[in-house]
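Remember, it's a predicted structure, so these values are computed and weren't measured experimentally. Residue indices begin at 1 and follow the sequence shown.
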Amino acid sequence: MAKKVTGFIKLQIAGGKANPSPPIGPALGQRGVNIMEFCKAFNARTQKDMGVVLPTIITVYSDRTFTFVTKTPPATYLIKDKLKLQSGSKKPGHEVAGSVSEKVVSEVAKAKEPDLTAASHEAAKRTVEGSIRSMGLKLDYK
């Protein structure tokens, strides 16, 4: 017999750096999940991605056990990492914080493809371009 799912918890956690402090502790504590057990399992699984922000979906079952899935880092994180930016524009649409080449867009789209619902690489690139615009960055090739 399958376990009954009691809920899902969505968090963004730095790889290898899960600890029982907020937001992880309170979110798991409300569902009755063993917080330290999750932190140890998450840190062990994400050791190779140390410090990278990973969206994580935790499935909590009725017997207070859990499973979790980590996704690829957010597009904005990947873009800032590739361009070595601290942040995007403070006023997107009014100020330009930098420019992005098509090569960078293609690399980020390739990295994000497993988690995107885009039907093709071109559609994935358009999705990433939208994130770039919302960060207040300019596309070099359009």
Side-chain angles (χ1 to χ4, degrees), residues 2-62 64-142:
K3 297 179 192 177
K4 184 175 185 255
V5 175
T6 58
F8 297 96
I9 303 169
K10 293 182 181 181
L11 298 170
Q12 290 197 7
I13 309 168
K17 295 187 177 181
N19 58 28
S21 64
I24 299 168
L28 295 176
Q30 288 175 347
R31 302 280 185 171
V33 173
N34 184 332
I35 300 165
M36 285 312 296
E37 186 181 329
F38 169 77
C39 290
K40 287 178 185 174
F42 180 85
N43 291 340
R45 192 185 301 177
T46 60
Q47 200 65 42
K48 66 181 181 355
D49 297 323
M50 185 64 79
V52 176
V53 176
L54 300 170
T56 306
I57 300 173
I58 307 162
T59 306
V60 181
Y61 299 101
S62 58
R64 296 185 178 178
T65 59
F66 63 91
T67 58
F68 66 95
V69 177
T70 57
K71 305 284 186 175
T72 57
T76 54
Y77 178 88
L78 295 173
I79 293 163
K80 288 192 303 187
D81 188 49
K82 292 245 186 241
L83 299 177
K84 307 288 187 247
L85 292 174
Q86 290 295 330
S87 68
S89 172
K90 301 295 181 215
K91 294 181 176 179
H94 299 284
E95 297 174 1
V96 177
S99 60
V100 183
S101 69
E102 187 170 13
K103 179 182 177 225
V104 171
V105 173
S106 188
E107 289 173 0
V108 171
K110 188 79 166 162
K112 288 293 296 174
E113 273 182 355
D115 292 336
L116 294 176
T117 57
S120 66
H121 183 67
E122 291 303 313
K125 282 174 54 176
R126 285 194 302 273
T127 301
V128 172
E129 288 169 359
S131 295
I132 289 169
R133 283 188 208 97
S134 71
M135 292 174 68
L137 301 173
K138 188 175 123 248
L139 297 170
D140 281 348
Y141 56 96
K142 285 196 176 184

Pair Phe38-Ile13, side-chain contact (heavy atoms from CB on, under 4.5 Å): steps then yes or no: CA-CA 12 Å; Phe38 169 77; Ile13 309 168; 3.9 Å; yes

Shortest non-hydrogen contact from [X] toward [Y]:
| X | Y | value |
| --- | --- | --- |
| Gly16 | Thr46 | N-OG1, 2.7 Å |
| Gly32 | Arg64 | O-CD, 3.2 Å |
| Ser89 | Gly136 | CB-CA, 3.7 Å |
| Asn19 | Ser21 | OD1-OG, 2.6 Å |
| Ala27 | Leu11 | CB-CD2, 4.3 Å |
| Lys71 | Ile57 | CE-CD1, 3.7 Å |

Can you tell me how far [atom2] of [Y] sits from [atom1] of [X], rounded to the nearest 0.5 angstrom?
| X | Y | atom1 | atom2 | value |
| --- | --- | --- | --- | --- |
| Thr56 | Ile24 | OG1 | CD1 | 8.0 Å |
| Lys110 | Leu78 | NZ | CG | 14.5 Å |
| Leu28 | Ile35 | CG | CD1 | 6.0 Å |
| Ile58 | Thr70 | CD1 | OG1 | 11.0 Å |
| Lys3 | Thr59 | NZ | OG1 | 11.0 Å |
| Tyr77 | Lys82 | OH | NZ | 11.5 Å |

Non-hydrogen side-chain atoms of [X] and [Y] separated by less than 4.5 Å:
| X | Y | result |
| --- | --- | --- |
| Leu54 | Pro73 | yes |
| Ile9 | Phe68 | no |
| Ser62 | Thr6 | yes |
| Arg31 | Phe66 | no |
| Met36 | Pro20 | yes |
| Ile79 | Leu137 | yes |

Evaluation steps, side-chain contact (heavy atoms from CB on, under 4.5 Å), between Arg133 and Leu139: CA-CA 8 Å; Arg133 283 188 208 97; Leu139 297 170; 3.5 Å; yes

Ion pair Lys125/Glu129, N-O distance below 4.0 Å: no

Flag for Asp140-Ser101: side-chain donor and acceptor within less than 3.5 Å: no

Side-chain donor/acceptor of Ser106 to backbone N/O of Lys103, under 3.5 Å: no

